[in-house]
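First the structure, in the form of structure tokens, and then the observations on it.
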Amino acid sequence: MSGTQATTGAVAAAFAAGPLLLGVRHHGPGSARAVRAALDAARPAAVLIEGPPEGDALLPLAADPQMRPPVALLAHAVDDPGRAAFWPLAEFSPEWVAIRWALAHDVPVRFIDLPATHSLALREPHGEETAPAPEAPAEGAATPAVDPVRVLAETAGYDDPERWWEDVVEHRSPAADATADALAPFTALAEAMTALREAYGDGGHPRDAVREAYMRIQLRTARKEFGDGVAVVCGAWHVPALAARTTLAADRALLKGLPKVKAEMTWVPWTHRRLARHSGYGAGIDSPGWYGHLFGAADRPIERWMTKVAGLLREEDRFVSTAHVIEAVRLAETLAAMRGRPLAGLSETTDAVRAVMCEGSDVPLALIQDRLVVGETLGEVPDSAPAVPLQRDLTRGQRTLRLKPEALEKELDLDLRKETDAARSRLLHRLRLLGIGWGEPAEGRGSTGTFRESWRLRWEPELYVRVAEAGVWGTTVQTAATAKAESQALAATALSEVTALAEHCLLAGLSDALPVVMKALADRAALDADVGHLADALPALARSLRYGDVRSTDTTALAEVAAGLAERICVALPPACTGLDADGAEALRRQVDGVHSAIGLLVAGATPAGTEAEAEAGAEAGTGSGTEAGATPAEGLRDRWGAVLRKLAGRDTVAGIIRGRATRLLLDEGRLTEDEAALLMGLALSPGTPPTDAAAWIEGFVGGASGGGMLLVHDERLLSLVDAWLTGVPADTFTDVLPLLRRTFSAYEPGVRRTLGELVRRGPVPEGARNNGTDHAYPGFGPGLDTDRADAVEPVLHLLLGRTPIPAEATA
């Protein structure tokens, strides 16, 4: 008897016994091929599929040319969009194959699982980004008592259930399936599952009884409509329950009193990465990219896989030749034969690639695992798929701005002087405000000016749930972001929250929300008397004021609030810097840095463009006063802040780290001469100062990323003072100051530390040695400036800047 005759007889016998139950493993290419062969042989009158019935109306979209798996059915509660669930389908999913077969052959196809309106109501909202499919336990739930595939694998003598499933199902060749009985795999699997259900009952899935009762009811309805020529594609675990003889009354009793919620459903793109188990989807698979390859490779799957691997490695500039591919195929097949496998599996191909193409290294193997074994494929759905209005507006914006959602992380650099890039920036900032984290700001590789932005973009399927949740705020991205910003402004309790929100509104171009935010900001600022809160709030306001230069936003009201905050900080900061412990002093030191930078931005933003260079030059020279004729209000603010820093630097009651930092800021601004800085350092490091206080002063003056190391390299008097103090610290207190000193100097660049060590090792240059013609390769440190060496550099510097040529005598 031929294989075709055997199949025909088996199909007739199966339909005579009742509906054709095709038990599968979700997302299995072998199961998908077997389902396709069984449907071709049986030609059923209707196809029933495990899935939510609300998706029946969406099934015709599976035949749309724009639909490209992986995709997923997304169901969410209308009143609580965060309560959602996905039913993912890949190209190699048996359910997807059955849907496409039915649509291609004009056969009715339906979903028969428990409706989403019940399954969502039964789920507790966990605030998770993604909800697993109903047949899988929710993330964080207890592990099921029984894993059917593992039990069958152990029974067959395998220690790895994945390897057993590959050997028995996935590695069945399409040619062999064409000549064999198409129903044989399902018959064998049904017998195995029946034995397991008899031994383990529900296997730790108590809700399966409810789902299976509903599926039996739907199966009875279909049989009345289409007769016994009905095929059911479901998880193999459910086959015994669907084949069991029960009464309609008993099944309806199990469904009585089920809770309900109003639910909506649509198709959304999915990714191979989200199909992987490590993504949190309980019914996922370890290697969706590998399974997709097995399903798509009609012949010679190992050779084609090795060719893919070689192509990837070549793209990464690794040398891989045709000989490598041939040898890797031979090794994989040899390993499969030694291990008694019918075909080389993922473990054999991985071992062969590691040995032949990666030279034993796991580093390139990690790239292969990420790009090929798991994969970055992102599906597509047609425009006609239902979607919330906010999702449609977002999709229109993405197309207009040419920002295609992609599963692979990508870097995006924006030039805000260009209208398209500015619009992209506004869209991404609005989405962040709505909690839709498609893009995250990143450090740019180019200019650090305010007209540049860099983003890291990566689209995850869970973002569709976030869009649905954000839909309560509005029907467009702009109106939704505006409404949410206004709500957050009214609900905020901390001043820093409102200032951060104001900054976000300017970045997102939400001009309609700014009046509400600014009123809330003014109210909070007037009531908040904590100088720490004011200091935390000012930097965000100052940054926001700079956005008006590029984004053409009106920041007049914001400038008034920022100026008022700065004035209050100048009054309240000196008293707040006394009586602090070490942690409080360090926190306030960071706030002083933030206020200093913020005031610099406020002054720069308030200075007319034509006089900005002159204002900067005056600041560097330490000239100008807020009370002098012609001084701007911004310059007056700079001078008042300078007076505050002088108070902090000169008061013994102020914590050492803050005094040192204030001294350094004054020196950098040109408001303190080198002689005055040396005098303050000498007082701070005098023998009467406790060593811990002196070490804290040093940390404030030259610590962190403030360039203090280079300051000590080039200012020999300051280095001499530090060296003299350090060598004079008593031995019994040296261990107390050592942690502070290590924290200070460990932040320097290795080259700076090496130069300082060389200077200290050689010691100070004696007085007058600089002017007696002595040449020092490493001159050490000492008082005074070496003007002769400085003058020798000046002609070369002029040449580099292109200002004046080097005189002939200078090159002699």
Side-chain angles (χ1 to χ4, degrees), residues 51-58 61 71-89 111 113-134 136 138-141 258-271 274 279-282 378-379 381 383-398 405 427-428 430-439 458-488 491 508:
E54 292 91 342
D56 286 352
L58 303 175
L61 293 175
V71 293
L73 286 168
L74 164 62
H76 65 85
V78 174
D79 297 331
D80 182 11
R83 191 191 292 265
F86 295 99
W87 284 261
L89 296 170
F111 286 123
D113 202 352
L114 190 68
T117 185
H118 294 304
S119 61
L120 291 178
L122 291 170
R123 294 178 55 84
E124 291 295 331
H126 298 289
E128 299 170 350
E129 291 187 356
T130 180
E139 185 176 358
L258 285 180
K260 296 176 64 175
V261 296
K262 187 178 180 180
E264 291 182 350
M265 181 167 286
T266 186
W267 287 109
V268 296
W270 202 251
T271 66
R274 296 302 295 163
S279 69
Y281 172 58
L378 175 65
V381 299
D383 298 336
S384 54
V388 296
L390 182 61
Q391 179 63 62
R392 294 196 178 279
D393 181 69
L394 173 57
T395 301
R396 284 192 296 268
Q398 290 170 333
L427 175 64
L428 293 172
R430 289 169 182 174
L431 293 177
R432 288 194 74 216
L433 195 148
L434 290 170
I436 304 170
W438 179 22
R458 183 170 186 166
W459 187 267
E460 296 284 359
E462 297 86 358
L463 296 180
Y464 290 103
V465 179
R466 298 300 186 200
V467 173
E469 289 180 302
V472 301
W473 298 106
T475 57
T476 68
V477 175
Q478 181 174 358
T479 58
T482 298
K484 186 171 183 181
E486 292 174 349
S487 176
Q488 288 182 339

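Note that these values count all heavy atoms, side chains included, but never hydrogens, waters or copies made by symmetry.
In this structure, L427 CG and Q398 CD are separated by 7.0 Å, a value rounded to the nearest 0.5 Å. Note that CG of L378 and CD of E460 are 9.5 Å apart. Values are rounded to the nearest 0.5 Å. We find the CG-CG distance between L258 and L114 to be 6.5 Å, quoted to the nearest 0.5 Å. For the atom pair CE of M265 and CG of L74, the computed distance is 7.5 Å after rounding to the nearest 0.5 Å. Note that CG of L434 is 9.5 Å distant from CG of L394, once rounded to the nearest 0.5 Å. Within the model, atoms CD of E469 and CG of D80 stand 7.5 Å from one another, a figure rounded to the nearest 0.5 Å.
Of all non-hydrogen atoms in K484 and G435, the two that sit nearest each other are NZ-N, 4.1 Å. Between L463 and R458, the shortest heavy-atom contact is CD1-O, 4.2 Å. Here the shortest heavy-atom pairing between S119 and A116 reads OG-CA, 3.2 Å. The heavy-atom pair separating P52 from D113 by the smallest distance is N-CB, 4.3 Å. Closest of all the heavy-atom pairs between G379 and P269 is O-CB, 3.1 Å. When every heavy atom of L390 is checked against every heavy atom of A480, the shortest pair comes out as CD1-CB, 4.3 Å.
The closest donor-acceptor contact from the side chain of T117 to the backbone of V261 lies under 3.5 Å. Although no hydrogens or angles enter the test, the distance criterion places no donor-acceptor pair under 3.5 Å between the side chain of R430 and the main chain of Q478. Looking at T266, its side chain does come within 3.5 Å of a backbone N or O of P386 through a donor-acceptor pair.
Counting only heavy atoms from C-beta outward, the side chains of P81 and V465 never approach each other to under 4.5 Å. Under the 4.5 Å side-chain criterion, counting only non-hydrogen atoms from C-beta, V388 is in contact with V467. F111 has its side chain out of reach of L58: every pair of non-hydrogen atoms, C-beta onward, lies at least 4.5 Å apart. You'll find the side chain of H118 reaches within 4.5 Å of the side chain of K260, heavy atoms only. The shortest distance between side-chain heavy atoms of R274 and E462 falls below 4.5 Å. Counting only heavy atoms from C-beta outward, the side chains of D393 and T475 never approach each other to under 4.5 Å.
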- Message: Quick one, L73 with W267, criterion side-chain contact (heavy atoms from CB on, under 4.5 Å). Give me CA distance, side-chain angles, the key distance, then yes/no.
- Response: CA-CA 5 Å; L73 286 168; W267 287 109; 3.7 Å; yes
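Defined by atom type and a distance below 3.5 Å, a donor-acceptor pair is present between the side-chain atoms of Q391 and T395.
The six-membered or imidazole ring of Y464 lies near that of W459, with a centre-to-centre distance under 6.0 Å.
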